[in-house]
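Read the structure below first, then the notes.
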Amino acid sequence: MAYFDVPEIDYPRYSNRQLAAVPLAVLAVALLVLSGSFLVYGTPVPLGMDFAGGTELTVQTTTPEGQIPAAFEEQPESVTGAGGNEYIVRFSETDSQTLSEQARENLEQDGNSELVQSVSSTSASFGQQSQQTALLGLVVAFLGMSAVAFLLFRTFVPSIAIVISAFSDLVIPLAFMRLTGIPLSLGTVAGLLMLIGYSVDSDILLNNHILRRSGEFYESTFRAMQTGVTMTITSMAAMLVMAVTAFVFNIDLLQSIGTILFVGLAADLMNTYMLNLSLLRWYKFEGIRS
């Protein structure tokens, strides 16, 4: 198996507090962003149509993209090009019939093509139910991951190190979504669920090398980093390619998922090899004797 040329970090140079300070500071900022958003907007992250309700029209028209919002009495939330003269127009309004009529009356038809290609609508109540189901799914996945960590290591510090690291891996991308306006949808929730899996994978790898394999602490750490960093960087490269390709072809959902996973995996590198490692080092050299 090929590895990236992972440099051997001079960990003895840094204290446990110094190693943990940066990831904990980033986690604190992320929690502050989410808390502030909740107080100001009522939700920690912006909600997409799946959870907030609304209508999505796909229209084919020769009307310039910049003039499409003027065709509707309600200001669209977004107008996205879908290739050629096709556009996806999203509204918070759920009266799809009125919006379709306004599109047919005020937009210019593209030859003989049907002006309104498709209509999808989600009611606010159904969106709220979907929101609760998605939240439950995230909580169950996180609790399941925590239970697996405790069953695998059966000691408090190594297990809680994995849980804290995974929690931070989840919170940082959520704050990033708030700052960049990426909405929470069924698709982005799937991305967050994938992130829990990626996160626990690298943390278990590190814990396993240090606690269960022979070798000196820093030697085991370096061996774990060679595999773990290679895995994570490879995944980040794949997610970056997916996000850029989706951006070029105007596929919003894949772009959002790729971006979220890229940010989450970058956070995972920091949390695994600084936060998790500092807790493991404290446990190995101080905690076991106490």
To the nearest 0.5 Å, what is the distance between [atom1] on [X] and [atom2] on [Y]?
X      : Y      : atom1 : atom2 : value
Asp169 : Leu275 : CG    : CG    : 9.0 Å
Thr245 : Ile251 : OG1   : CD1   : 8.5 Å
Phe126 : Ser121 : CZ    : OG    : 11.0 Å

Note to self: Is there a side chain to side chain donor-acceptor pair (under 3.5 Å) between Asp203 and Ser165? Walk through the geometry before answering.
What the structure shows: CA-CA 8 Å; Asp203 286 311; Ser165 182; 3.3 Å; yes
Notebook entry, point to check: Within 45 degrees of the axis of the six-membered ring of Phe38 and under 6.0 Å from its centre: does Arg178 put its NZ or CZ there?
Noted result: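 No, a cation-pi geometry is absent between Arg178 and Phe38.
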Smallest separation among heavy atoms of [X] and [Y], with atom names:
X      : Y      : value
Tyr273 : Gly228 : OH-CA, 3.4 Å
Arg104 : Glu114 : NE-OE2, 3.9 Å
Val89  : Ile68  : CG2-CG2, 4.1 Å

With side chains defined as the heavy atoms from C-beta onward, is the minimum distance between [X] and [Y] less than 4.5 Å?
X      : Y      : answer
Asn16  : Glu286 : yes
Pro46  : Ile182 : no
Asp268 : Tyr198 : no

Item checked: Qualifying ring pair (Phe, Tyr, Trp, His ring centres under 6.0 Å) pairs, either residue in residues 211-266, two or more places apart ->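 For residues 211-266: Phe217-Phe285.
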Next item on the list: Assess whether side chain to side chain contact (heavy atoms under 4.5 Å, CB included) is satisfied between Phe153 and Arg212, documenting all intermediate values.
Entry: CA-CA 9 Å; Phe153 295 101; Arg212 292 184 172 173; 4.2 Å; yes
Margin query: Using a strict threshold of under 4.0 Å (side-chain N to carboxylate O), is an ion pair present between Glu77 and Arg90?
Written below: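 No, no charged N to carboxylate O under 4.0 Å.
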Notebook entry, point to check: Do Ile172 and Val33 belong to the same hydrophobic cluster, where Ile, Leu, Val, Met, Phe, Trp and Tyr are linked whenever their side-chain heavy atoms lie under 4.5 Å apart, directly or via other members?
Noted result: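 In one cluster with Ile172: Val33, no.
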Item checked: Ser92 versus Glu74, side-chain donor and acceptor atoms under 3.5 Å ->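 Their side chains do contain a donor-acceptor pair, which is all the 3.5 Å distance test asks for.
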